[in-house]
Amino acid sequence: MGVTKEQLESTLTSKLNPQHLEVTDTSGGCGASFVIDIVSERFEGKRLLERHRLVNAALEEEMKEIHALSIKKVLTPQQWKQQQEESEKSKSAA
């Protein structure tokens with residue numbers, strides 16, 4: 001059996017203390033493919049590649065069983081807040 005969504009959430013929560021975390025199993029339930037959105041203060045002052053490396057390092061053991069990992073968003077809390085505000089503005093303007 002592959003890795004579960006809950007395993008990834010637990011590991012990322014304990015290692016990166018995210019303010020927001022969304023893990024989606026895109027493998028159809030076999031645990032081989034996931035999409036991740038994560039917001040953490042640990043990303044402050046880090047470039048995109050460094051942020052991805054932090055996520056991959058946190059999931060080192062799980063990565064041995066995962067076929068595909070797509071890290072869609074790796075944001076700081078401030079970036080997340082700005083994105084939420086922009087989203088709200090565009091919704092209210094429509």
Side-chain angles (χ1 to χ4, degrees):
M1 169 101 184
V3 176
T4 66
K5 171 185 179 232
E6 291 76 20
Q7 283 175 292
L8 293 185
E9 289 171 341
S10 176
T11 299
L12 289 170
T13 297
S14 69
K15 293 187 177 177
L16 297 177
N17 191 29
Q19 283 71 32
H20 172 80
L21 176 61
E22 193 172 323
V23 178
T24 306
D25 184 344
T26 56
S27 67
C30 72
S33 180
F34 295 91
V35 175
I36 294 176
D37 292 343
I38 185 169
V39 178
S40 174
E41 290 178 353
R42 297 278 311 271
F43 302 141
E44 292 285 351
K46 305 239 184 320
R47 294 176 183 235
L48 182 62
L49 182 60
E50 293 172 295
R51 295 174 185 192
H52 279 246
R53 286 180 177 157
L54 278 173
V55 173
N56 281 315
L59 298 174
E60 183 179 4
E61 286 304 309
E62 290 83 353
M63 289 300 292
K64 294 174 184 175
E65 297 182 49
I66 294 174
H67 173 70
L69 180 66
S70 176
I71 306 169
K72 292 277 189 174
K73 293 180 185 174
V74 282
L75 304 173
T76 66
Q78 181 62 32
Q79 290 170 323
W80 176 250
K81 183 180 175 190
Q82 285 178 319
Q83 210 173 67
Q84 296 301 318
E85 289 170 357
E86 290 170 10
S87 177
E88 288 300 317
K89 285 180 187 175
S90 66
K91 285 180 185 175
S92 63

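Side-chain N/O atoms of Glu41 and Thr76 include no donor and acceptor closer than 3.5 Å. Judged purely by distance below 3.5 Å, without hydrogens or angles, the side chains of Lys73 and Gln83 pair a donor atom with an acceptor atom.
The line from CG of Leu75 to CD of Gln19 is 11.0 Å long, rounded to the nearest 0.5 Å. Atom CH2 of Trp80 sits about 11.5 Å away from atom CD1 of Ile38, to the nearest 0.5 Å. From Lys64, atom NZ reaches atom CD of Glu60 across 6.0 Å, with rounding to the nearest 0.5 Å. Atom CG of Leu16 is separated from atom CG of Leu59 by 8.0 Å, given to the nearest 0.5 angstrom. To the nearest 0.5 Å, the span separating CG on Leu69 from NE2 on His52 amounts to 9.0 Å.
Each of Glu44, His20, Gln82 was evaluated against Pro77; a single residue qualifies, Glu44, per the side chain to side chain contact (heavy atoms under 4.5 Å, CB included) test.
Counting heavy atoms from C-beta on, the side chains of Phe43 and Val55 come closer than 4.5 Å. Counting heavy atoms from C-beta outward, Ile66 and Phe34 have side chains that approach closer than 4.5 Å. Considering only heavy atoms from C-beta on, Arg53 stays 4.5 Å or farther from Asn56 through its side chain. Put simply, the side chain of Ile36 reaches to within 4.5 Å of the side chain of Leu21, judged on heavy atoms.
By the 4.0 Å N-to-carboxylate-O rule, Lys89 lies too far from Glu85 to be salt-bridged with it.
Under a hydrophobic-cluster definition in which Ile, Leu, Val, Met, Phe, Trp and Tyr are linked whenever side-chain heavy atoms come within less than 4.5 Å, directly or via other members, Met63 and Val35 are assigned to different clusters.
Using a distance-only test at 3.5 Å, with no hydrogens or angles considered, no donor-acceptor pair links the side chain of Arg42 to the main chain of Pro18. Without hydrogens or angle criteria, Ser90 side chain to Ser87 main chain gives a donor-acceptor distance under 3.5 Å.
For the pair Gln79 and Val74, the tightest heavy-atom approach, listed with the atom from each and the gap, is OE1-O, 4.3 Å.
For Lys72, there are no side chain to side chain donor-acceptor pair (under 3.5 Å) partners at least two apart in sequence or on another chain.
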Verdict with supporting geometry, Gln7 and Thr4, side chain to side chain contact (heavy atoms under 4.5 Å, CB included): CA-CA 5 Å; Gln7 283 175 292; Thr4 66; 3.2 Å; yes
